[in-house]
Novice: 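Pasting a structure here, questions to come.
Atom set for the values below is all heavy atoms of this structure, side chains included, hydrogens, waters and symmetry mates excluded. Positions are given from 1, in the same order as the sequence printed here.
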Amino acid sequence: MGPGPTPGPRRALFHRLGLVLALALVAAPVFYWSGGIVEEEALGFLDSYWSDRTAFQLIFNPRGYDFYQGRELSYAVDFLDAQWVGLQAEQDRFWFLPPSAVIASLGVVAVFCWGAPRALPGLGGGTAWLVLLLYLSNFVFMSTMGTLYRAAKPLVAPLLLFALLFSLRARRRLPVEGEGPAWPLFVAGAAMSLLDRQGLFYLGCLAVALGFAWLRSRTGGRLVLAATAAIGVTLVYNYLLGPWLVHQANGYWPSMQFQTLQPRWLADPGAWRQGLGVLRDWTVLLLGGGLGALVAVAALAVLVLRSRRRAPSRADPAVVGLLLLGAIAQVAMVAVMARRHEPVTWIDHRIWYYPLVYQVVVVFGLLWILERIAAARGGSLPRLVPVALVCLVALNVAHWPRLERALRSGPWGGDVMRRSDLLKESLRTGGPEPLLDGDHRRFLFQCRDRFPLLAARMSPHVSEGKGVDRTEISEGGLFARGRRTSHVVAFAPTDGRYLLEGGVYLRPGERVSFALAPGQVLGDVARHAGFQGLELFSFPVKLLAGPTDVTLSARLTGAEPPEDRRFGLHLPFHLRPADD
C-alpha cells in the first residue's frame, strides 16, 4: 500500500467537500420551499415599492408599515428585492426567494472561507467546515432564507461573522505583525448596525470585548476605535441624519417612541425566564434538536475538562467576568425583544428569522472553543468530534419536516404558510384558489391588474374591490363584510355572456342591488325571513374581456350608525360562461 495522503492534500479535499456541501445547503431553500414563502408583511412592501413614487420617498418612509428604527439601509435592500420580484413577474415568473437572502447565504460561506483559516489556524479544516454546516443545515436558516420578508437579519449574519473573525485575526497578529488597518471592521460594523438593532447590540458587545483586550495589553487600539466609530455613526444617523432624510423625503418627522427602553421591563423575573427559554430554543435548533443539543453540550464540557487536565491553567477571573456579563446582556436583549414584540416568543417565530444572528455568535464561539481544545491537546481533536458534528448536521436535516409542521402549527406560520401555498398555486393555474384569503388574495388581484401576462391567462373570476373588508375563512368558507356601497370586479378572459353567482348575508328587510353602471341594474337580493341568513343569487351579465366593476348598493338596518353598518359576502363569487 502506498503512503496515505499528506496533510496538505487532505486539507484541500476537506475544503472542497465542505464548500460543495455548504453551497448545496445554500441552494436547499430554493427547492424545499418550491418558489419561496410569501410573508404577509412583505406583500405590503411589494405593493408600496411597486408604486410610482421615487425610490428616495419609498425607502425613507417607515410610516404605515414599521416603527422608526433608523434602518433605512435594510429598506433599500427590500426595495431592490421588490424590483427583482416585479421584473420576474413581468415575465410571468413568480419567484418569492429574495436575492438578498441568496447573497447573505453566499456571504456567510465566503466570509467563512476567507476568515476561518486566518482567524482559527489551529482548527482542522474538516472540523471547521462541519461547524459551518451545522449553521447552514439548521431549520432557522432554511426557513428564513426561503422567505420573502425583511433583508435585515439575513444580511447582518455574514457581516457579524466577518466582524468576529476579522477582530480575532487582527488580535492574533499583535504584537508580532503590528496593527493592520481596521477600516474593514468599521465598514462591517456600521453596515450591520444600520441594517438591524441586533447588529448594533452585537457590535456594542464586540467593542466592549476589544476595549477589555486593549486595557490588558495596550494593543489593538485601532480595532476599538473602528468599532466605537461605527457605533457613533449609527447613533448620529438614528437621531439626526435619518429623521432629517425622512422629513426631506416625505414631509414628516418620525417618532422615536418605539426606541424607548423601560428599565422596569427587566425588573420582572418572568422576563428573564422568558429570555432564557427563547435562547435555549434558539441554541437547541442549531445543535441537532433536544437530545442532540444535550449530548453536544455534555460532550463539549467533557472535552473542555480533559483539555484543561492536559494543559492546566488557571481561569482568568476578568475573562470569566466578561463572558458572564456578555451572557447576561444576551439574555436581557432577548427579554427586551420579547417585551416589545411578543411574537418573538411564539413557537413559529422561535424557528424562523429572529434566531439567525444569535446563532452566528454560537457558531463563532464553538469554533473558538474547539480550536482552544485542539491547542491544549497538541493540535488535534478526538476523532469523535467530527463524527459527532456529522451526526448533528444529519439530525438538523432530519428535523426539517417536523419543524415545518411546527411552523405551520403556529399562530403566524399557520396562516402565512397556507396562504402562501394557495397564492403560488393560484399564480400557477391562473385562477384564485377558493380558500385563498387575506392580503395574499388581494395581492393576487393586484398582480393581475399590474402584470398583463398573468391577466392574459387567468380564468373567469370575481375579485373584491373598494368597500369590501379583508377576506377571511369562516365556517370552512370564504367570508368578508361589505359596506353600504361596495364593489366587486368581474374578470372575463373574452367577450361574452356570463353568470355572476354568489351569496350575501342579510338581516330581515335588508336589500342589496347589483349594477354594472348607473341605470344598468343586474338585479336585487332581499331578505324577507324573520332572521338573518344567506341569500343566493345568479345574474346573467354581458361582459367585455378584462375587468368590469360591479357596484353593490345595500339598504341596511341595525342599531349601528349608518356608516358602520355592514352586510356579509359569501365568497368567492363565481363567474362562469352562461352556456356551461
Side-chain angles (χ1 to χ4, degrees), residues 19 22-51 53-56 58-60 65-66 71-114 132 135-136 139-162 187-188 191-192 194-196 198-199 352-354 356-357 360 416 420 423-424 427-428 440 443 446-447 450-451 453-454:
L19 181 59
L23 293 178
L25 288 171
V26 165
V30 177
F31 302 99
Y32 189 86
W33 299 113
S34 301
I37 304 167
V38 192
E39 207 281 331
E40 199 161 46
E41 245 182 273
L43 299 177
F45 301 162
L46 291 176
D47 185 45
S48 173
Y49 292 148
W50 286 345
S51 71
R53 305 185 72 202
T54 67
F56 179 60
L58 294 171
I59 291 169
F60 290 92
Y65 59 85
D66 203 2
R71 55 184 185 187
E72 284 72 32
L73 179 59
S74 71
Y75 300 158
V77 180
D78 293 337
F79 174 84
L80 295 176
D81 282 343
Q83 304 317 305
W84 183 87
V85 173
L87 288 173
Q88 296 299 305
E90 287 177 357
Q91 304 302 316
D92 205 22
R93 294 191 295 265
F94 290 89
W95 284 85
F96 298 105
L97 288 156
S100 63
V102 178
I103 292 170
S105 302
L106 293 174
V108 169
V109 177
V111 167
F112 176 86
C113 287
W114 168 87
L132 178 67
Y135 176 75
L136 299 177
F139 190 76
V140 172
F141 182 88
M142 276 292 298
S143 61
T144 303
M145 298 308 185
T147 303
L148 180 64
Y149 186 52
R150 298 180 185 272
K153 287 176 175 51
L155 287 176
V156 168
L159 291 168
L160 175 59
L161 183 61
F162 173 84
V187 173
M192 71 185 197
L194 292 170
L195 281 167
D196 190 79
Q198 265 188 288
W352 167 78
Y353 189 68
Y354 292 97
L356 193 68
V357 180
V360 169
V416 165
S420 180
L423 172 62
K424 290 187 292 185
L427 290 167
R428 185 186 69 82
H440 287 72
F443 179 75
Q446 290 172 343
C447 288
R450 183 179 296 273
F451 304 115
L453 291 180
L454 173 63

Novice: Is the backbone N or O of F162 less than 3.5 Å from a side-chain atom of W114, with the two atoms forming a donor-acceptor pair by type?
Specialist: no

Novice: Do Q198 and L356 come within less than 4.5 Å of each other through their side chains, counting heavy atoms only?
Specialist: no

Novice: Please report whether the ring centroid of Y75 lies less than 6.0 Å from that of F79.
Specialist: no

Novice: Could you tell me how the ring of W352 sits relative to the ring of Y354: parallel (under 30°), tilted (30 to 60°) or perpendicular (over 60°)?
Specialist: perpendicular

Novice: For a 4.5 angstrom cut-off between non-hydrogen side-chain atoms, does Y353 reach T147?
Specialist: no

Novice: With no hydrogens and no angle check, is any side-chain donor or acceptor of S48 less than 3.5 Å from a backbone partner on G44?
Specialist: no

Novice: So, taking the atom named CH2 in W33 and the one named CE in M145, what distance separates them when rounded to the nearest 0.5 Å?
Specialist: 14.0 Å

Novice: Hey, what do you get for CD (E72) to CD1 (I59), rounding to the nearest 0.5 Å?
Specialist: 9.5 Å

Novice: Just checking, any donor-acceptor pair under 3.5 angstrom between side chains of Y149 and D78?
Specialist: no

Novice: Does the pair D196/R150 count as a salt bridge with the N-to-O cut at 4.0 Å?
Specialist: no

Novice: Establish, yes or no, whether a centroid distance under 6.0 Å links the rings of F96 and W84.
Specialist: no

Novice: What pair of heavy atoms forms the shortest contact from D81 to P99, and how long is it?
Specialist: OD1-CD, 3.2 Å

Novice: Do the side chains of E90 and L453 get nearer than 4.5 Å, heavy atoms only?
Specialist: no

Novice: Taking Y49's backbone N and O only, do any of them form a donor-acceptor pair with Q83's side chain (distance below 3.5 Å, no angle check)?
Specialist: yes

Novice: Using side-chain heavy atoms (C-beta onward) and a distance below 4.5 Å, is E39 in contact with L148?
Specialist: no

